[in-house]
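Below is one structure, written out as structure tokens; the observations come after it.
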Amino acid sequence: MTVLEESLSLSPYEPAVLAFAVLCMAVMVQAFLTAPLGFLKEEQAPGMPLRGDHDMFSFRVLRTYANSVENLPAFGFSLLLAILVGVSAAAVNWLAAIHVASRLAFWAVYYSGVGKVAGGPRTITYVAGALSNLVLTGMVLYTLVS
């Protein structure tokens, strides 16, 4: 094994990489679900601004998918940087698990329409995912400057 291969070993980070793969799969499943769930009743039109509000299931489906697509790259790049700069594998694995669990919970809560539009379970799950990514990125910055 070369020094480069040894320094880029993903073994300690396998749980985090697995979590990211699960999240990627979930977003791809969401992508497939947008057509039948978002457009089947013709409440929404592809390529057009969303109509209605959170009371409409099609609205929630499309908003959830858009939110997932917006958050996936930020988490993916933060995770990649954390691995590359050598942030503690235990911390990275835990933060990745928290992030993915929060994103999946966000999806379930948003799809179901449970709680208030703001300040309810949806907000809590979103903030948990955002904070876990923020901490992960902060650890990358700390590792780089220390």
Side-chain angles (χ1 to χ4, degrees), residues 7-146:
S7 67
L8 292 177
S9 174
L10 290 178
S11 295
Y13 300 100
E14 282 180 8
V17 173
L18 175 62
F20 185 61
V22 167
L23 187 60
C24 288
M25 182 62 77
V27 174
M28 288 186 278
V29 167
Q30 281 183 301
F32 283 111
L33 290 177
T34 58
L37 300 177
F39 302 115
L40 191 61
K41 292 184 180 179
E42 298 183 4
E43 295 172 335
Q44 307 294 334
M48 300 301 291
L50 288 177
R51 294 185 287 226
D53 57 24
H54 290 89
D55 292 331
M56 296 173 63
F57 183 65
S58 62
F59 180 90
R60 293 193 312 272
V61 165
L62 295 173
R63 286 285 298 264
T64 304
Y65 174 64
N67 187 275
S68 294
V69 169
E70 292 166 359
N71 281 275
L72 186 66
F75 175 65
F77 283 115
S78 295
L79 182 62
L80 177 64
L81 290 172
I83 292 169
L84 289 176
V85 303
V87 172
S88 159
V92 170
N93 292 333
W94 273 105
L95 289 166
I98 291 167
H99 183 82
V100 172
S102 299
R103 293 303 305 165
L104 294 176
F106 176 81
W107 183 19
V109 169
Y110 210 156
Y111 260 49
S112 69
V114 173
K116 299 183 282 184
V117 172
R122 191 182 78 207
T123 301
I124 293 166
T125 58
Y126 177 83
V127 169
L131 284 176
S132 65
N133 198 24
L134 184 65
V135 170
L136 182 63
T137 306
M139 292 180 82
V140 168
L141 292 170
Y142 178 80
T143 301
L144 286 171
V145 299
S146 60

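This chain uses plain numbering: 1 for the first residue, then up along the sequence.
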For this session: Would you check, one step at a time, whether the test side-chain contact (heavy atoms from CB on, under 4.5 Å) holds for Leu72 with Phe20?
Result: CA-CA 9 Å; Leu72 186 66; Phe20 185 61; 3.7 Å; yes
Exercise. Going through the distances and angles, do Phe106 and Asn71 end up as a side-chain contact (heavy atoms from CB on, under 4.5 Å)?
Worked result: CA-CA 12 Å; Phe106 176 81; Asn71 281 275; over 6 Å; no
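The minimum heavy-atom distance between Pro12 and Asn93, with the atom names listed, is O-ND2, 2.9 Å. Summarising the geometry of Ser112 relative to Val114, their closest heavy-atom pair is OG-CG2, 2.9 Å, with the distance given to 0.1 Å. The minimum heavy-atom distance linking Val140 with Ser78 is given by the pair CG2-O, 4.0 Å. Residues Val92 and Ala16 approach most closely at CG1-CB, 3.8 Å, considering heavy atoms. Between Ser68 and Gln30, the shortest heavy-atom distance links the atoms OG-OE1, 2.8 Å. Across every non-hydrogen atom of Val61 and Leu33, the tightest pair is CG1-O, 4.3 Å.
Here the OG1 atom belonging to Thr125 is positioned 10.5 Å from the CG atom belonging to Leu104, to the nearest 0.5 angstrom. From Leu23, atom CG reaches atom CG of Leu18 across 11.5 Å, with rounding to the nearest 0.5 Å. Distance CG/Leu62 to CZ/Phe57: 9.5 Å, rounded to 0.5 Å. Taken to the nearest 0.5 Å, the OH atom of Tyr65 stands 6.5 Å off from the OG1 atom of Thr34.
At a cut-off of 3.5 Å, with distance as the only test, a side-chain donor of Arg103 or Asn67 sits close to an acceptor on the other residue.
In this structure, Phe75 and His99 have parallel ring planes: the angle between them is below the 30° cut-off, well short of the 60° mark.
Tested against Thr137, the residues Val135, Leu134, Asn133 include a single side-chain contact (heavy atoms from CB on, under 4.5 Å) partner, Asn133. When each of Val87, Val85, Leu81 is paired with Met139, the side-chain contact (heavy atoms from CB on, under 4.5 Å) condition holds for Val87 and for no other.
Judged by a 6.0 Å distance limit and a 45° cone about the ring axis, Arg122 is positioned over the six-membered ring of Tyr110.
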